[in-house]
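A short write-up of the structure that comes next.
Every heavy atom of this structure was used, including side-chain atoms; hydrogens, water molecules and symmetry mates were not. Order of listing sets the numbers, starting from 1, for every ligand and every atom in it. Here the structure is a predicted model, which means the values were calculated and not measured.
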Amino acid sequence: MAGRGRLFGLGVGPGDPELITVKALRLLRAAPVVAYLVAKGKKGNAFGIIEGHLRDDHVLLPLVFPVTTESLPPPHSYEREIAAFYDEAAKEVSTHLDAGRDVAVICEGDPFFYGSFMYLHDRLAERYDTEVVPGVCSIVAGAAVLGTPLVYRNQSLLVLSGVLPEPELEMRLAQADAAAVMKLGANFEKVRRVVMKLGLAERALYIERATMANERTLPLAAVDPSSVPYFAMILVPGKRWQG
Ligand SMILES: C[S@@+](CC[C@H](N)C(=O)[O-])C[C@H]1O[C@@H](n2cnc3c(N)ncnc32)[C@H](O)[C@@H]1O
């Protein structure tokens with residue numbers, strides 16, 4: 001790997017620029033190239049978090065997603081299109097690495113927790129020196145903003161994707177001591193139905209864009225499903241233990 005650049009996967013936290021770690025900030029400032037995954041026409045959440053820390057001579061490498069939804073009409077296949085996109089994105093990153101330039105890939109929250117960086121890591125980590133810097137994950141950020149402890153004593157926390165089919169969500173959530181349901185957006189109404197059906201409405205808390213400037217918390221019943229962003233979650237904290 002001599003002469004090659006190093007690959008960094010930097011967790012930049014859930015939104016508040018002060019929640020980036022000292023280490024991630026140091027490595028970001030030192031890397032000549034900053035890469036970030038972003039939807040077409042958007043600035044990118046992770047980019048917005050670190051924007052104020054960029055140097056004038058940073059080379060920016062936006063990697064623009066070709067699709068914004070997992071449900072594509074035939075003959076398109078989300079899996080095929082997204083895999084081809086990550087192959088191409090990994091090639092773009094490797095061009096810089098082969099030229100000896102370090103590349104910092106920034107990632108909202110933590111890179112290895114549903115982070116898009118994982119797919120670049122899978123393609124590149126065996127070929128290049130790679131370091132991953134953990135970040136403050138949105139679940140703990142959400143709990144902090146909501147002021148709710150998540151799990152007491154021996155309780156277990158279940159993390160669910162809101163994309164799951166309704167019966168599966170119901171079956172899993174019914175058994176949870178405490179839970180976080182991610183990836184809401186268009187999945188919100190389905191998840192809320194399950195929460196209500198299981199009698200968890202009293203305990204369930206809704207938060208969107210935790211720690212960002214436009215953060216919002218609302219009672220679950222008051223949420224308008226048509227306005228739920230992707231950066232939203234429902235937390236069901238564990239029952240309080242009177243220790
Ligand atoms: C692709 S995952 C990324 C998770 C991220 N890597 C982390 O460590 O938190 C995106 C999901 O995380 C949740 N999320 C991320 N940031 C959030 C925030 N600031 N507030 C609320 N939910 C957030 C949302 O449920 C969103 O759909």
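Side-chain contact check for Tyr152 and Asp177: no donor-acceptor pair (N or O, by modelled atom type) lies under 3.5 Å. Using modelled atom types and a 3.5 Å distance limit, the side chains of Tyr86 and Glu88 yield no donor-acceptor pair.
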Could you give the N/O to N/O pairs under 3.5 Å linking ligand 1 and the protein, each with its distance?
unit_1   : atom_1 : unit_2 : atom_2 : d
ligand 1 : 6 (N)  : Glu108 : O      : 3.0
ligand 1 : 6 (N)  : Asp110 : O      : 3.0
ligand 1 : 6 (N)  : Phe113 : O      : 2.8
ligand 1 : 8 (O)  : Asp110 : N      : 2.8
ligand 1 : 9 (O)  : Ser138 : N      : 2.8
ligand 1 : 9 (O)  : Ser138 : OG     : 2.6
ligand 1 : 14 (N) : Ser138 : OG     : 3.4
ligand 1 : 16 (N) : Glu108 : OE2    : 2.7
ligand 1 : 19 (N) : Pro14  : O      : 3.0
ligand 1 : 19 (N) : Ala210 : N      : 3.3
ligand 1 : 19 (N) : Ala210 : O      : 3.0
ligand 1 : 20 (N) : Ala210 : N      : 2.8
ligand 1 : 25 (O) : Lys183 : N      : 2.9
ligand 1 : 25 (O) : Ala232 : O      : 2.7
ligand 1 : 27 (O) : Lys183 : N      : 3.1
ligand 1 : 27 (O) : Tyr230 : O      : 2.7

Decide ring-ring contact (aromatic ring centres under 6.0 Å, His included) for Tyr206 and Phe188; before the verdict, give the C-alpha distance in whole Å, the side-chain angles of both, and the deciding distance to 0.1 Å. CA-CA 10 Å; Tyr206 170 86; Phe188 173 80; 5.6 Å; yes
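Within the structure, side chain to side chain donor-acceptor pair (under 3.5 Å) pairs that include any residue of residues 41-50 comprise Lys43-Glu51 (at least two apart or interchain).
More than 12 heavy-atom neighbours from other residues, nucleotides or ligands sit within 6.0 angstrom of CG on Asp57.
Using a distance-only test at 3.5 Å, with no hydrogens or angles considered, no donor-acceptor pair links the side chain of Arg172 to the main chain of Val159.
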